[in-house]
Amino acid sequence: MAALIVAGCSGTEPDRPAADVTSAPSPTSAESPSVAPTSAGPAKAIPAGIPDSAFLQESDAPEKAKEKPNRLDSDGNALPAFCKAGYEQKDQVGVRGTELLLIASKDATEGSTPKAAVYENVIVYKGAGATEFMTDLRAAVRGCASQKEDNGVTAKNFLRGSIGAGDDSELIERTRPATDDAGEPIDNQVNQVFWAAVRQGDTIAFVSNGGWESGSAEKSDTVTLATRAATRVKAWRG
């Protein structure tokens with residue numbers, strides 16, 4: 001995914017870094033913690049695999065899908081790093097799967113480039129692994145307000161709060177200085193990528209929206225996709 005999200009151009013610099021989450025957002029915003037985290041409930045048997053129906057489908061695209069979703073190897077898309085802080089609870093993973101969904105604008109013509117490449121990781125955890133994932137993910141982002149990327153660019157990370165889906169959820173934004181398709185900097189603009197983690201019982205649906213090439217991801221698309229991902233997981237795991 002890194003090749004898809006290393007540069008882009010849209011938006012203006014956000015004003016609330018990950019280390020500062022004390023501001024009270026609007027109650028109607030996706031940043032609002034509108035759903036308090038609930039317990040994972042009684043332990044369920046770990047399934048042998050994850051069915052396609054538990055992942056995002058073509059019909060879940062905010063506008064339309066570019067093509068049918070593609071299942072990848074379980075390690076086909078690494079989760080984002082936040083200053084090398086560990087949060088994935090790898091020793092408690094029961095089963096996991098990954099999917100790639102290319103989305104497009106509703107008026108996109110055949111042969112046009114996608115609007116964004118969206119990866120979804122579905123991870124079923126043993127014990128309290130899913131709850132601990134959410135706790136440690138927030139701590140990782142909060143403790144990594146900025147970080148140097150491999151190309152020397154400084155990226156900034158932001159906790160954006162609950163999206164009101166699943167038993168618990170968190171929206172995360174990362175910005176970096178924007179560049180055009182040729183890699184040239186664009187003054188006073190930033191590239192944005194978004195992640196949304198949703199816990200449903202013992203399962204995490206982690207949606208990664210990296211935009212496309214030099215184009216930023218859209219927050220609203222990420223919230224819509226993650227909300228629909230939570231519905232898919234709930235229908236499968238209950």
Side-chain angles (χ1 to χ4, degrees), residues 1-11 30 49-80 96-123 149 155 160 163-166 169-176 178-184 186 189-198 200 203-236:
M1 179 178 72
L4 298 174
I5 65 174
V6 295
C9 54
S10 77
I50 302 175
D52 289 345
S53 60
F55 289 88
L56 290 165
Q57 305 296 308
E58 284 184 85
S59 59
D60 294 323
E63 296 177 83
K64 67 179 182 181
K66 178 70 174 173
E67 57 188 41
K68 291 182 179 181
N70 293 313
R71 287 291 294 269
L72 307 176
D73 294 336
S74 60
D75 57 353
N77 178 62
L79 298 188
R96 68 188 299 164
T98 307
E99 175 192 271
L100 170 63
L101 174 65
L102 300 181
I103 61 174
S105 301
K106 61 181 179 181
D107 57 353
T109 59
E110 185 175 354
S112 61
T113 59
K115 181 181 183 182
V118 177
Y119 291 87
E120 182 188 8
N121 291 76
V122 176
I123 312 170
E149 299 189 325
R160 294 307 193 195
I163 65 167
S169 61
E170 187 69 45
L171 181 68
I172 301 164
E173 179 181 5
R174 175 174 291 173
T175 67
R176 57 175 63 84
T179 60
D180 60 21
D181 288 344
E184 295 298 320
I186 300 176
Q189 293 192 41
V190 295
N191 169 263
Q192 298 161 291
V193 299
F194 290 94
W195 298 283
V198 181
Q200 183 66 49
T203 304
I204 296 290
F206 195 97
V207 175
S208 305
N209 185 353
W212 185 260
E213 296 181 345
S214 63
S216 283
E218 290 190 9
K219 176 180 175 179
S220 60
D221 286 346
T222 311
V223 171
T224 296
L225 288 161
T227 300
R228 293 173 180 174
T231 300
R232 294 283 180 186
V233 169
K234 184 174 183 179
W236 172 50

Separation of [Y] [atom2] from [X] [atom1] (nearest 0.5 Å):
X	Y	atom1	atom2	value
L72	L100	CG	CG	5.5 Å
F206	N77	CZ	CG	9.0 Å
L225	I103	CG	CD1	5.5 Å
S169	R160	OG	CZ	15.0 Å
F194	S220	CZ	OG	8.5 Å
W195	N121	CH2	CG	12.5 Å

Checklist line | side-chain contact (heavy atoms from CB on, under 4.5 Å) against A205, all qualifying residues, sequence neighbours excluded | finding: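 Partners of A205 by the side-chain contact (heavy atoms from CB on, under 4.5 Å) criterion, ordered by chain and then number, come out as E120, A229, V233.
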The side-chain contact (heavy atoms from CB on, under 4.5 Å) partners of P69 (sequence neighbours excluded) come to E58, E99, L101
Practice problem: Could I get the full list of side chain to side chain donor-acceptor pair (under 3.5 Å) partners for Q57, not counting sequence neighbours? | Solution: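 By the side chain to side chain donor-acceptor pair (under 3.5 Å) rule, Q57 matches no residue at all.
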Could you list the residues that satisfy side chain to side chain donor-acceptor pair (under 3.5 Å) with E67, not counting sequence neighbours?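 E67 satisfies side chain to side chain donor-acceptor pair (under 3.5 Å) with N70 only.
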Decide yes or no for [X] and [Y]: does some side-chain heavy atom of the first lie under 4.5 Å from some side-chain heavy atom of the second?
X	Y	value
R174	Q192	no
I204	V122	no
V118	V207	yes
T224	T222	no
R228	L56	yes

Checklist line | Side-chain ion pair, E149 and R176, N-O less than 4.0 Å | finding: yes
Residues at least two apart in sequence or cross-chain that pass salt bridge (charged side-chain N to carboxylate O under 4.0 Å, His left out) with R232, listed by chain then number, are D60
In short, side-chain hydrogen bond (donor to acceptor under 3.5 Å, both in side chains) pairs touching residues 100-116 with sequence neighbours left out are E63-K115, K115-E218, K115-D221
- Task: For V198 and A165, work out which heavy atoms get closest and say how close.
- Result: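 Looking at all heavy atoms of both residues, the shortest contact is CG1-O, 3.7 Å.
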In terms of heavy-atom contacts, A196 and L171 come closest through CB-CD1, 4.1 Å
Determine, step by step, whether V193 and E173 satisfy the side chain to side chain contact (heavy atoms under 4.5 Å, CB included) criterion, reporting the C-alpha distance in whole Å, the side-chain angles of both residues, the deciding distance to 0.1 Å, and the verdict. CA-CA 6 Å; V193 299; E173 179 181 5; over 6 Å; no
Exercise for review: Step by step, work out the side chain to side chain contact (heavy atoms under 4.5 Å, CB included) result for N191 and T175.
Suggested key: CA-CA 5 Å; N191 169 263; T175 67; over 6 Å; no
Query - Short side-chain to backbone donor-acceptor contact, K64 and A108, under 3.5 Å - result: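 Looks like yes, one N/O pair under 3.5 Å.
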